[in-house]
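One structure is given here, and the rest of the page talks about it.
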Amino acid sequence: MIDAAPAADRLAELQAAFEVFTGATSMLEAQYRALQAHVEALRTELDEKQRALTASIERQRCLEAQALRHSRLAAMGEMAATLAHEVRNPLGAMELFTGMLAEEVADRPAAARLTGQIASCIADLNHLVTNILDYTRLPAPRRAHVALDALVDDALLASGPSLGSGVRVERRGAVGATCALDRGLVLQTLSNLFRNAGEAMAGAGILTVAVEPAGRWVRVAVADTGPGVPPGCEETIFAPFFTTKERGTGLGLAVARAAIAAHGGTLAIRPRPSAAAAGAVFVLTLPRDAALEGES
Ligand code: ADP
C-alpha cells in the first residue's frame with residue numbers, strides 16, 4: 001500500500017517547481033521580447049545611419065563635381081575674357097570700315113543690302129563680346145545721384161529703333177526721385193531687358209515700362225506681350241549661358257542681375273497671374289536715393 005502523505009508532499013513540490021518554472025519562463029519571455037524590441041530599435045538606427053551616410057557620400061560627390069565644374073568655368077571664363085578683349089579691337093575696325101563701305105555703295109541696292117547684313121553681324125558680335133566682358137568683370141558701380149524717370153526715358157529712346165516698327169511703347173508712372181546709381185550699368189540693364197522684350201515679341205506687340213515708388217524702394221516693371229517664360233524656368237533664365245535663341249549668349253540676364261545686385265537691388269520675373277496670361281514682366285527693384293560716400 002502506498003503512503004498518502006509523501007505522495008501529497010511530492011505533488012506539492014512538483015506544483016511549486018512548476019510554478020517556479022512558469023515564472024522563470026514568463027520572465028525569460030519578457031526579457032526576450034525586450035531584447036527583440038531593442039534589436040529592432042538598433043536595426044532602425046543602423047538603417048537611418050546608413051541612409052545618412054549614403055546621402056553624405058552623395059553630397060560629397062556632388063560638391064566635388066561642382067568644385068571641378070567651377071574651376072573649369074573659371075578657366076574658361078578667363079580664356080573667354082582674353083579672347084573677347086582681343087576680338088574687340090578688330091571688331092571696332094570692321095564696324096568703321098563697313099560704315100565707310102556702306103557710304104560707297106549707297107547707290108547700289110544689292111551691295112547696300114549686303115553691307116547692312118555685315119553691319120548687323122558685327123553688331124551681334126559686339127553684343128556678345130560686351131556681354132562676355134561684363135560677365136567676367138565684377139560690376140563695381142560708380143554711383144551718382146540719377147533721376148530715375150529720365151534714365152528710363154533715355155534707355156527707351158536709345159533702344160527704340162532696335163525694337164522693331166511693329167512694337168508700340170507705353171510708358172507709365174513716375175517716381176520723381178533720384179537714386180544713387182551707376183547710370184551706365186542701369187542703362188545697359190534696361191537696354192538688355194528692352195532688347196529681350198523686342199526679340200520675344202518678334203517685332204510686333206506692346207512694350208510697357210512702368211516706374212513706381214515702393215516705400216524705401218523704386219520699381220521699374222518691363223512688360224511685353226510675347227509668349228512669356230515657360231513655367232518652371234523663372235530662375236533658370238538668369239543662369240549664365242542659358243539661352244533659347246539660335247544666336248543668343250545667355251549672358252544678358254545674368255549680367256543684368258549682377259549689375260542690379262551690385263546696387264543692392266533685385267531683378268526678377270513677376271509670377272504669371274495665371275497659366276493663360278500672356279507675356280513676361282521683369283521687375284527691377286532699386287533702393288531710393290541714399291547719401292553717397294563723402295556726402296554728409
Ligand atoms: P539671350 O538673350 O542671349 O538668350 P538672356 O540672358 O538675355 O540671353 O536671356 C536668357 C533667356 O531668357 C532667353 O534666351 C529667353 O529664353 C528668356 N527670356 C529673356 N527675356 C524674355 C522675355 N521677355 N520673354 C520670354 N523669354 C525671355
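On a predicted model such as this, the values are computed, not experimentally measured, just so you know. Read the numbers this way: they start at 1 and go in the same order the structure lists the ligands and their atoms. Any value given below was found using the heavy atoms of this structure, including those in side chains, with hydrogens, waters and symmetry copies removed.
Just one of V255, L284, V220, L181 meets the side chain to side chain contact (heavy atoms under 4.5 Å, CB included) condition when paired with I260; it is L284.
Note that atom 5 (P) of ligand 1 has protein non-hydrogen atoms nearby, at separations under 4.0 angstrom.
Of all atoms in ligand 1, listed by their number and element, those nearer than 4.0 Å to a heavy atom of G228 are 25 (C). Residue contact check: G248 has heavy atoms under 4.0 Å from atoms 3 (O) of ligand 1. Of all the atoms in ligand 1, the ones that sit under 4.0 Å from a non-hydrogen atom of T244 are 13 (C), 14 (O), 15 (C), 16 (O). Atoms of ligand 1 found under 4.0 Å from any heavy atom of L253 (numbered from 1 in listed order, with element): 5 (P), 6 (O), 7 (O), 9 (O), 12 (O), 19 (C).
Residue, atom and distance of the protein heavy atom nearest to atom 26 (N) of ligand 1 are V229 CG2, 3.6 Å. The nearest protein atom to atom 24 (N) of ligand 1, hydrogens excluded, is given as A200 CB, 3.5 Å; this is a heavy-atom distance. The protein non-hydrogen atom at the shortest distance from atom 7 (O) of ligand 1 is N196 ND2, 2.9 Å. Looking from atom 17 (C) of ligand 1 to the surrounding protein, the closest heavy atom is I237 CG2, 3.8 Å. The nearest protein atom to atom 2 (O) of ligand 1, hydrogens excluded, is given as K245 NZ, 2.7 Å; this is a heavy-atom distance.
Residues M201 and I269 fall within the same hydrophobic cluster, defined by Ile, Leu, Val, Met, Phe, Trp and Tyr side chains chained together at heavy-atom separations under 4.5 Å.
At least one heavy atom of T249 sits less than 4.0 Å from an atom of ligand 1. Distances from ligand 1 to the non-hydrogen atoms of F238 include no value under 4.0 Å.
A salt bridge does not link E234 with R270: none of the charged nitrogens is closer than 4.0 Å to a carboxylate oxygen. In summary, R10 and E13 do not engage in a salt bridge, as defined by a charged side-chain N under 4.0 Å from a carboxylate O.
For the pair S120/Q117, no side-chain contact is recorded, criterion being any heavy-atom separation below 4.5 Å from C-beta on. Here the side chains of R257 and T189 are not in contact, with every heavy-atom distance at 4.5 Å or above. A heavy-atom distance below 4.5 Å is found between the side chains of V209 and L156. Two residues are said to be in side-chain contact when any heavy atoms from C-beta on lie closer than 4.5 Å; L193 and L253 meet this criterion. Residues T225 and L207 have side chains not in contact (no heavy-atom distance under 4.5 Å, counting atoms from C-beta outward). In this structure, T82 and H85 have side chains that are not in contact, with every pair of non-hydrogen atoms separated by 4.5 Å or more.
Considering backbone and side-chain atoms alike, F242 places every N or O at 3.5 Å or more from each N or O of ligand 1. Between D224 and ligand 1, at least one pair of N/O atoms sits closer than 3.5 Å.
Closest heavy-atom approach to atom 1 (P) of ligand 1 within the set G250, G252, G279: this belongs to G250.
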